[in-house]
Asks: 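One structure is given below, represented as structure tokens, and several questions about it will come after.
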Amino acid sequence: GVGGGLGYYASTKIGPTELPEAVAAFHSLVGMAATLTAVGDFIVHDPTEHFSTFHNLSTYMGAWMGSITFTGSCIAYGKLSGKLSSAALALTGRDQINMGLGATSLAGLAAFCLSQNPTVGALALTTGIVSSGALGLHMTASIGGAD
């Protein structure tokens with residue numbers, strides 16, 4: 001079908017030495033799809049009528065993992081393709097930044113899983129998406145490349 005045609009077209013444009021960056025680019029699409037699927041799932045399920053801790057945990061974690069995958073893969077693509085510097089980002093307090101983002105993600109998870117209020121749920125899910133996206137960006141940018 002259409003997917004096979006697009007895949008074939010992409011394969012004619014990507015050489016063997018460009019495969020790592022192509023994989024990173026495609027993984028960014030997978031991350032975006034996971035995040036948007038989780039957000040869509042949240043939108044269509046009314047938490048006041050359909051409250052399930054397992055469902056909430058699955059939705060939050062899908063969005064969280066999708067976001068960290070998306071941003072991390074975008075940085076990986078940029079580094080592998082030479083569009084971004086392959087030097088490691090070395091911010092002062094980077095471990096504290098990562099721990100803060102992790103704690104923010106956990107706080108969002110707790111709020112999302114414990115509340116039946118749609119506004120609280122939306123804010124908590126957004127918090128998880130933004131904090132995990134920042135975590136993916138920061139952690140991947142902090143890895144140096146092999147030049």
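Model, not experiment: these values are computed from the prediction.
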Asks: Test side chain to side chain contact (heavy atoms under 4.5 Å, CB included) on L135 and L137 and set out the steps.
Replies: CA-CA 5 Å; L135 194 57; L137 188 150; over 6 Å; no
Asks: With a 3.5 Å distance limit and no angle check, can you tell me whether K83 reaches the backbone of Y77 through a side-chain donor-acceptor pair?
Replies: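 Not confirmed, K83 side chain does not pair with Y77 backbone.
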Asks: What closest approach, in Å, do A24 and L80 show between heavy atoms, and which atom pair accounts for it?
Replies: CB-CD1, 4.3 Å
Asks: With sequence neighbours excluded, what pairs up with L125 under the side-chain contact (heavy atoms from CB on, under 4.5 Å) test?
Replies: V39, F42, Y60, A63, F112, I129
Asks: Taking C-beta and beyond as the side chain, do I97 and L91 meet within less than 4.5 Å on heavy atoms?
Replies: yes
Asks: Find out whether L57 and T59 are in side-chain contact, i.e. whether some heavy atom of one side chain is under 4.5 Å from a heavy atom of the other.
Replies: no
Asks: Of the non-hydrogen atoms in G66 and A34, which two are nearest, and what is the gap between them?
Replies: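 Here G66 and A34 meet closest at CA-CB, 3.8 Å.
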Asks: Does T71 use its side chain to pair, donor to acceptor, with the backbone of S67 at less than 3.5 Å?
Replies: yes
Asks: Just how far is it from atom CG of N117 to atom CG of L123, taken to the nearest 0.5 Å?
Replies: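 N117 CG to L123 CG: 8.5 Å, rounded to 0.5 Å.
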Asks: Using the ring pair (Phe, Tyr, Trp, His ring centres under 6.0 Å) criterion, which residues pair with H45? Sequence neighbours excluded.
Replies: H50, H55
Asks: For residues P20 and T17, report the shortest heavy-atom separation together with the two atoms involved.
Replies: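 In this case the closest contact between P20 and T17 is CD-O, 3.8 Å.
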Asks: Counting distance only, does the side-chain N/O of S73 pair as donor-acceptor with the main-chain N or O of F70 below 3.5 Å?
Replies: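 No; judged by distance alone, with no hydrogens or angles, the pair does not exist.
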Asks: How long is the straight-line distance from CG of L106 back to OG1 of T127, given to the nearest 0.5 Å?
Replies: 12.5 Å
Asks: Return each pair, listed once, that meets side-chain hydrogen bond (donor to acceptor under 3.5 Å, both in side chains) where at least one residue sits in residues 98-107; pairs must be two or more places apart or across chains.
Replies: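 Residue pairs with at least one partner in residues 98-107: W64-S105, N98-H138, S105-S131.
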Asks: Please tell me whether I68 and L89 are part of a single hydrophobic cluster in this structure, the criterion being side-chain heavy atoms less than 4.5 Å apart.
Replies: yes
Asks: Would you confirm whether K79, through its side chain, and I143, through its main-chain N or O, come within 3.5 Å as a donor-acceptor pair?
Replies: yes
Asks: Hey, are the side chains of L114 and N56 touching, using non-hydrogen atoms and a 4.5 Å cut-off?
Replies: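 Counting from C-beta outward, L114 and N56 never come under 4.5 Å.
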Asks: Establish whether M61 and M139 are linked, either directly or via other cluster members, by ILVMFWY side-chain heavy-atom contacts under 4.5 Å.
Replies: yes
Asks: What distance do T69 atom OG1 and L29 atom CG have between them, rounded to the nearest 0.5 Å?
Replies: 12.0 Å
Asks: Got a second to check how far T92's OG1 is from Q96's CD, nearest 0.5 Å?
Replies: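 T92 atom OG1 to Q96 atom CD measures 10.0 Å (nearest 0.5 Å).
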